[in-house]
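Every value quoted in this text rests on a predicted model; they were computed, and no experiment measured them. Residue numbers begin at 1 in each chain, while the letters A, B, ... track the order of the sequences.
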There are 2 protein chains.
Amino acid sequence: MAAMDLSLQQLRGFVAVAEELHYGRAAQRLNLTQPPLTRQIQGLERTLDVRLFDRTGRGVRLTAAGGVFLEHARRVLALLEVAPEATRRAADGTTGTLRLAFTAIGAYAVLADFLTMVGKRTPGVTAELTELVSPAQFEALANLEIDVGLVRPPIPAQFESLLVHSEDLVLAVPTSHPLALGDRAVSLVDVTDDYIGYSPEGSQYLHDICAAMIGMDRYAVSQLASQVPTMLALVRAGLGCALIPRSIMAMGVEGVRYRELDAADAHSVTLHACWSPDNPNPALQRLAESLRLDPHLAT
Amino acid sequence: MAAMDLSLQQLRGFVAVAEELHYGRAAQRLNLTQPPLTRQIQGLERTLDVRLFDRTGRGVRLTAAGGVFLEHARRVLALLEVAPEATRRAADGTTGTLRLAFTAIGAYAVLADFLTMVGKRTPGVTAELTELVSPAQFEALANLEIDVGLVRPPIPAQFESLLVHSEDLVLAVPTSHPLALGDRAVSLVDVTDDYIGYSPEGSQYLHDICAAMIGMDRYAVSQLASQVPTMLALVRAGLGCALIPRSIMAMGVEGVRYRELDAADAHSVTLHACWSPDNPNPALQRLAESLRLDPHLAT
DNA sequence: TGGCGGCCATGCAAGCACGGTATCGGTCCA
DNA sequence: TGGACCGATACCGTGCTTGCATGGCCGCCA
């Protein structure tokens with residue numbers, strides 16, 4: 001016998017009796033009669049193998065152990081009290097977590113603005129950040145490992161998306177390069193040496209655009225160079241020029257200069273917020289709903 | 001409908017399913033069959049008005065809300081897990097609180113030593129301290145407002161007690177007094193002026209002893225002077241001498257000198273730890289038990 | 001000091017909630 | 001397309017818990 005464990009009825013009964021120090025009143029408070037209460041406390045005492053009350057004939061008094069148990073019981077009941085509300089808030093997206101991925105380049109362009117926008121549209125939601133290249137983001141989105149990605153096109157049809165940022169490309173040249181001098185916009189035809197290229201796997205979008213802009217013959221693909229810092233290091237070393245999103249100019253590298261491109265050669269690249277409509281995360285649902293109603297990012 | 005509230009069965013069932021992500025295995029873990037588990041989760045979802053699992057046909061998956069509720073459920077169950085043990089420890093006095101009172105004089109003599117002794121005999125028990133004159137301590141002991149008192153005799157028969165400290169009295173004289181000079185022990189017959197006396201209410205024990213030592217005729221009773229600092233202030237002001245427990249010499253007062261008394265006049269006063277055998281505080285019971293077995297305070 | 005009232009404990013019968021067995025319905029895979 | 005797996009449902013039995021009535025104990029008061 002004994003081994004029987006605690007029940008919430010017992011806890012509630014105990015707290016009521018401990019507060020009233022009177023079975024009758026406690027029972028009344030619980031909309032109960034007195035005998036069940038007596039049995040609840042007896043059951044508790046049998047289970048715990050501890051006397052919780054001193055029966056003095058005229059009312060009861062908490063024992064020291066009873067006082068300790070009272071604190072535990074109150075904490076349990078208080079926790080249980082808030083749990084449903086917290087759960088409901090998580091269910092409707094009022095609170096929650098948004099797992100957000102971004103590309104290394106995206107981080108420079110819009111990550112901060114995007115996060116403040118998310119903070120305004122879904123207050124109470126916290127963001128978890130991961131850096132991933134675009135293809136990995138699509139996979140993670142499909143596997144529900146992330147909720148939102150900041151990706152470059154093309155975007156698979158299964159996802160919903162929103163244009164977040166658009167910028168043109170600029171030319172990065174070594175300071176030793178003839179084009180390093182001057183401030184005017186330059187034309188791609190002025191570039192006589194090779195380019196540092198984007199990896200077609202890691203940065204398919206930029207690879208394709210750059211390849212189209214300058215032709216495959218002069219486009220030196222470096223497998224390593226899907227990371228912009230790496231590309232700038234190669235430019236700096238004099239291995240060639242590179243076409244870089246304008247926002248990356250914020251990253252100043254000694255030995256590298258940036259030049260605008262002629263309007264004729266300018267080509268804009270875009271960054272999109274992207275998510276799966278099937279994703280059950282309520283925080284995402286709430287954000288997506290908000291974005292559908294008002295796609296203006298400034299809001 | 002709905003209003004029904006949570007049960008621990010439901011919580012345990014939910015946690016099991018959330019961990020196994022499989023009703024059958026969860027049921028097995030709980031020594032249950034699968035249908036009751038289904039009903040428990042359904043009941044939870046109905047009560048919370050929230051979907052906790054996504055049923056995918058092939059197993060289940062936690063929703064975001066389910067994840068939040070899982071944390072709450074785990075915390076509740078963990079609390080409930082430790083409550084019985086904590087309660088039992090409080091019941092056998094392994095942990096708990098000892099409300100301890102002491103006289104102002106007692107604080108100088110033995111409070112620190114007594115506290116370290118208590119700490120050694122009943123580790124895990126914390127002490128709450130109050131300063132009270134002896135009569136107030138006896139009343140508080142009887143009302144179960146304190147657990148242990150450090151008092152002077154006489155001790156009412158209803159209490160259990162233990163001699164904690166014994167010391168003799170010394171003479172406090174103003175530095176302007178003839179007896180302030182010299183280092184030899186002095187005799188009470190050398191004292192030609194009045195004494196500052198103890199209040200018969202606040203310090204009955206010291207009052208009686210001093211009155212017996214020097215005779216009522218030269219014993220100026222000051223109602224205020226049950227507090228030793230007050231008495232020393234009066235001595236310093238030159239209103240008379242005073243008989244003071246030796247431990248108080250630790251309190252140096254400018255304008256007051258202490259002189260030993262002749263062996264013939266020396267009279268020791270005692271301090272006793274005192275408690276009520278009826279006090280149900282298990283921490284006290286444990287201490288009392290320890291003191292009965294081994295009354296040596298040094299232990 | 002004996003009766004009385006308040007309070008907690010107990011006996012008993014009824015209601016109900018919970019668990020088990022059997023079965024259904026949907027999804028995935030061969 | 002049939003079989004296997006998994007969760008949901010129907011139905012039944014049992015055991016716990018409740019409420020009513022009553023017992024036992026202590027303290028109060030006349």
Side-chain angles (χ1 to χ4, degrees), chain A residues 1-63 66 70 142-144 278 280, chain B residues 1-63 66 70 142-144 278 280:
Chain A
M1 24 83 241
M4 192 196 90
D5 48 46
L6 311 170
S7 82
L8 290 180
Q9 295 277 10
Q10 289 174 323
L11 260 56
R12 278 189 258 267
F14 170 73
V15 171
V17 174
E19 286 175 354
E20 300 284 350
L21 294 179
H22 187 292
Y23 278 71
R25 282 193 298 274
Q28 194 171 353
R29 198 215 282 189
L30 297 170
N31 295 318
L32 222 62
T33 56
Q34 170 259 323
L37 250 187
T38 293
R39 282 189 287 261
Q40 284 177 0
I41 306 299
Q42 285 176 336
L44 264 185
E45 294 184 324
R46 210 172 328 115
T47 302
L48 299 174
D49 193 29
V50 158
R51 279 225 336 286
L52 298 172
F53 291 105
D54 284 330
R55 278 77 164 174
T56 63
R58 178 190 186 71
V60 293
R61 189 178 55 201
L62 263 184
T63 63
L70 176 59
N143 296 344
L144 300 182
D278 303 331
Chain B
M1 25 79 243
M4 193 196 88
D5 47 42
L6 311 172
S7 82
L8 291 180
Q9 295 278 9
Q10 289 174 322
L11 261 54
R12 279 188 258 267
F14 170 72
V15 171
V17 175
E19 286 175 353
E20 299 285 351
L21 294 179
H22 187 293
Y23 277 72
R25 282 193 297 274
Q28 195 171 352
R29 197 215 284 189
L30 297 170
N31 294 320
L32 223 63
T33 56
Q34 170 257 323
L37 249 189
T38 293
R39 282 192 293 263
Q40 284 177 359
I41 307 298
Q42 285 175 335
L44 265 184
E45 294 184 323
R46 212 171 326 116
T47 301
L48 299 174
D49 193 28
V50 158
R51 278 224 338 285
L52 298 171
F53 291 105
D54 284 331
R55 280 77 164 173
T56 63
R58 177 189 187 73
V60 293
R61 189 178 53 203
L62 264 182
T63 64
L70 176 59
N143 296 344
L144 300 182
D278 304 331

Q. Near DNA chain C, which residues from residues 21-29 of chain A have a heavy atom under 4.0 Å away?
A. A/His22, A/Tyr23, A/Gly24
(Q) According to side chain to side chain donor-acceptor pair (under 3.5 Å), who are the partners of A/Asp54, at least two apart in sequence or on a separate chain? (A) A/Arg51, A/Arg61
Q: Name all residues meeting the salt bridge (Lys or Arg N to Asp or Glu O under 4.0 Å) criterion together with A/Arg29; count only those two or more places apart in sequence or in a different chain, and write none if there are none.
A: A/Glu19, A/Glu20
Q) Listed by chain and number, what are the salt bridge (Lys or Arg N to Asp or Glu O under 4.0 Å) partners of A/Asp278, not counting sequence neighbours? A)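 Per chain and number, A/Asp278 pairs via salt bridge (Lys or Arg N to Asp or Glu O under 4.0 Å) with no residue.
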Residues 32-42 of chain B, side-chain donor-acceptor partners within the protein, below 3.5 Å, at least two apart:
from	atom 1	to	atom 2	distance (Å)
B/Gln34	NE2	B/Thr38	OG1	2.9

Q) How does protein reach along nucleotides 12-23 of chain D, written 5' to 3' as B (base within reach of a heavy atom under 4.0 Å), S (only sugar-phosphate), or - (no contact)? A) ------BBBB--
Please tabulate, one pair per line, all N/O donor-acceptor pairs under 3.5 Å involving side-chain atoms of residues 6-15 of chain B, not counting sequence neighbours.
from	atom 1	to	atom 2	distance (Å)
B/Ser7	OG	B/Gln9	N	3.4
B/Ser7	OG	B/Gln10	N	3.1
B/Gln10	OE1	B/Ser7	N	3.0

Would you mind reading off the distance between [X] atom [atom1] and [N] atom [atom2], rounded to a whole angstrom?
{"X": "A/Asp54", "N": "C/dA9", "atom1": "CG", "atom2": "P", "value": "12 Å"}
{"X": "B/Leu30", "N": "C/dG20", "atom1": "CG", "atom2": "P", "value": "10 Å"}
{"X": "B/Leu44", "N": "D/dA8", "atom1": "CG", "atom2": "P", "value": "13 Å"}
{"X": "B/Gln42", "N": "D/dA10", "atom1": "CD", "atom2": "C1'", "value": "13 Å"}
{"X": "B/Leu8", "N": "C/dA17", "atom1": "CG", "atom2": "C1'", "value": "16 Å"}

Q. Are A/Leu62 and A/Phe53 close enough that some pair of their side-chain heavy atoms sits under 4.5 Å apart?
A. yes
Q. When rounded to the nearest 0.5 angstrom, what is the spacing between CG in B/Leu48 and CG in B/Asp5?
A.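 If we round to the nearest 0.5 Å, B/Leu48:CG and B/Asp5:CG are 10.5 Å apart.
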**Q.** All side chain to side chain contact (heavy atoms under 4.5 Å, CB included) counterparts of A/Asn143, not counting sequence neighbours
**A.**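 Per chain and number, A/Asn143 pairs via side chain to side chain contact (heavy atoms under 4.5 Å, CB included) with A/Glu139, A/Glu145.
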Q: Mind running a 4.0 Å heavy-atom check of residues 10-19 of chain B against DNA chain D and sending the residues that fall below it, in number order?
A: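 Contacting residues: none.
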Q. With respect to the phosphate group of C/dA9, does any side-chain polar atom (N or O) of A/Thr38 fall under 4.0 Å of OP1 or OP2?
A.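 Yes, A/Thr38 has a side-chain N/O under 4.0 Å of OP1/OP2 on C/dA9.
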